[in-house]
Amino acid sequence: MTVVALVPAAGQGTRLGLNRPKAFVTLQGRSLLERAVDGLFASGVIDEVVVMVPADLVDGARALVPRARVVVGGVERTDTVRAGLAAVGDAELVLVHDAARPLTPGPVIERVVAALRAGASAVVPVLPVVDTIKRVDADGAVAATVDRADLRAVQTPQGFTTAALRAAYDAAPGAVATDDAGLVERAGGAVVTVAGDPLAMKITTAFDLRVAEALAQELK
Ligand code: CTP
Ligand code: MG
């Protein structure tokens, strides 16, 4: 079964605040986009990579990641993934992996693909939640403490049979979701979990970038 990885890299990086699309920000001299794409190929379990970028950065992305196919993303992440899905062709399995998780270790990618090969139609890598989580009301007053034992923080790559992901996106034409498995859940599909890794952290804020810089330096 052929495995295609889609890499959403068309976000603006507003919360990072560097005034350029986050995937093109560098970490120890290499862009998040290059790191994410190289990590996928280095895992040895991905046949093809498609990256989705802002329209004005298509040529720039082609120069950075020559082994990947480059297509234009959309306004919302959901639009971006939809654009990538249209480029998947007849590959049986598809991974969706944020460019914003540039340090994701190969074994996480391997575990996701292995679960798909074992028969799952949707797979997410997860970590236990370490903080105590409370629900608050509109004024910020605590309404409840949530039992964290059955909570998980979800990472990428998320893996799917192409059929399941296409069906989920087709079932929710206008949907905006924070992850792809969420659309599969909404469509009634089962989603299984595999172990994630703290190194698969998402770079969202300037603080995250500082942490990732230190980790990248150490991993060099
Ligand atoms: N993404 C995308 N297309 C969008 C929005 C997001 O491809 N329209 C991608 C980002 O490039 C990133 C991933 O989805 O790799 C996760 O999104 P997020 O962390 O929210 O990144 P940004 O949208 O770039 O950041 P912000 O929300 O702070 O602007
Ligand atoms: Mg965003």
Side-chain angles (χ1 to χ4, degrees), residues 4-27 30-41 43 46 48-65 68-88 94-105 108-109 112 124-127 153-160 165 168-169 172-184 196-213 215-216:
V4 175
L6 302 178
V7 179
Q12 291 304 313
T14 312
R15 288 169 290 179
L16 190 55
L18 293 179
N19 288 318
R20 72 185 144 129
K22 187 160 68 184
F24 296 82
V25 167
T26 59
L27 195 56
R30 281 166 69 223
S31 65
L32 305 194
L33 179 64
E34 288 166 272
R35 287 177 175 275
V37 170
D38 290 352
L40 285 162
F41 280 125
S43 74
I46 303 298
E48 208 188 314
V49 174
V50 178
V51 311
M52 298 82 79
V53 301
D56 58 333
L57 288 169
V58 168
D59 291 340
R62 288 198 175 119
L64 286 177
V65 288
R69 212 135 46 93
V70 180
V71 302
V72 178
V75 175
E76 298 291 343
R77 188 180 176 286
T78 322
D79 306 317
T80 294
V81 173
R82 227 179 260 283
L85 256 180
V88 164
V94 57
L95 265 54
V96 186
H97 183 45
D98 290 335
R101 298 184 189 268
L103 301 178
T104 302
V108 176
I109 302 165
V112 170
V124 295
V126 300
L127 290 178
V154 178
Q155 303 181 317
T156 77
Q158 300 190 351
F160 307 91
L165 191 59
Y169 270 80
V176 172
T178 54
D179 80 334
D180 305 290
L183 292 181
V184 172
D197 190 298
L199 285 171
M201 64 175 283
K202 182 158 79 82
I203 297 175
T204 305
T205 62
F207 175 81
D208 301 330
L209 187 60
R210 282 172 61 194
V211 172
E213 286 280 7
L215 291 168

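Computed from a prediction, not measured in an experiment: that's the story for all the values here. One-based numbering, in listed order, for ligands and for the atoms of each.
Between P8 and R77, the shortest heavy-atom contact is CG-NH2, 3.9 Å. Between G73 and A10 the shortest heavy-atom distance is CA-CB, 3.9 Å.
Under 4.0 angstrom from ligand 1, there are no non-hydrogen atoms of I203.
Looking at G17, G11, P8, it is P8 that brings a heavy atom closest to atom 12 (C) of ligand 1. By heavy-atom distance, the residue among R101, K22, Q12, E76 lying nearest atom 21 (O) of ligand 1 is K22. Scanning R20, R15, H97 for the heavy atom closest to atom 20 (O) of ligand 1 points to R15.
The shortest N or O to N or O distance between G74 and ligand 1 is below 3.5 Å. Residue M52 has no N or O atom closer than 3.5 Å to an N or O atom of ligand 1. At least one N or O atom of A10, backbone or side chain, sits closer than 3.5 Å to an N or O atom of ligand 1.
Atoms of ligand 1 found under 4.0 Å from any heavy atom of G13, numbered from 1 in the order shown, are 22 (P), 24 (O), 25 (O), 28 (O), 29 (O). The ligand atoms of ligand 1 that sit less than 4.0 angstrom from a heavy atom of T80 are 2 (C), 3 (N), 4 (C), 7 (O), 8 (N). Close contacts between ligand 1 and R77 involve ligand atoms 3 (N), 4 (C), 5 (C), 6 (C), 8 (N), 14 (O) [criterion: under 4.0 Å to a heavy atom].
Counting only distance, with no hydrogens or angles, the side chain of S31 and the backbone of T26 share no donor-acceptor pair below 3.5 Å. In this structure, D98 contributes its side chain and A100 its backbone to no donor-acceptor pair below 3.5 Å. Although no hydrogens or angles enter the test, the distance criterion places a donor-acceptor pair under 3.5 Å between the side chain of R35 and the main chain of L27. The closest donor-acceptor contact from the side chain of Q158 to the backbone of A181 lies under 3.5 Å.
Looking only at heavy atoms of the protein, atom 19 (O) of ligand 1 is closest to K202 NZ, 2.6 Å. When hydrogens are left out, the protein atom nearest atom 29 (O) of ligand 1 is T14 N, 2.7 Å; that is the closest non-hydrogen contact.
Other residues, nucleotides and ligands contribute only 12 or fewer heavy atoms inside 6.0 Å of the CG atom of N19.
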Apply side-chain contact (heavy atoms from CB on, under 4.5 Å) to V94 and L6, showing your working. CA-CA 7 Å; V94 57; L6 302 178; 3.8 Å; yes
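Separation of atoms CG (L64) and CG (L32) is listed at 11.0 Å; rounding is to 0.5 Å.
Assignment of A9 to the shell around ligand 1 is supported, since a heavy atom sits closer than 4.0 Å.
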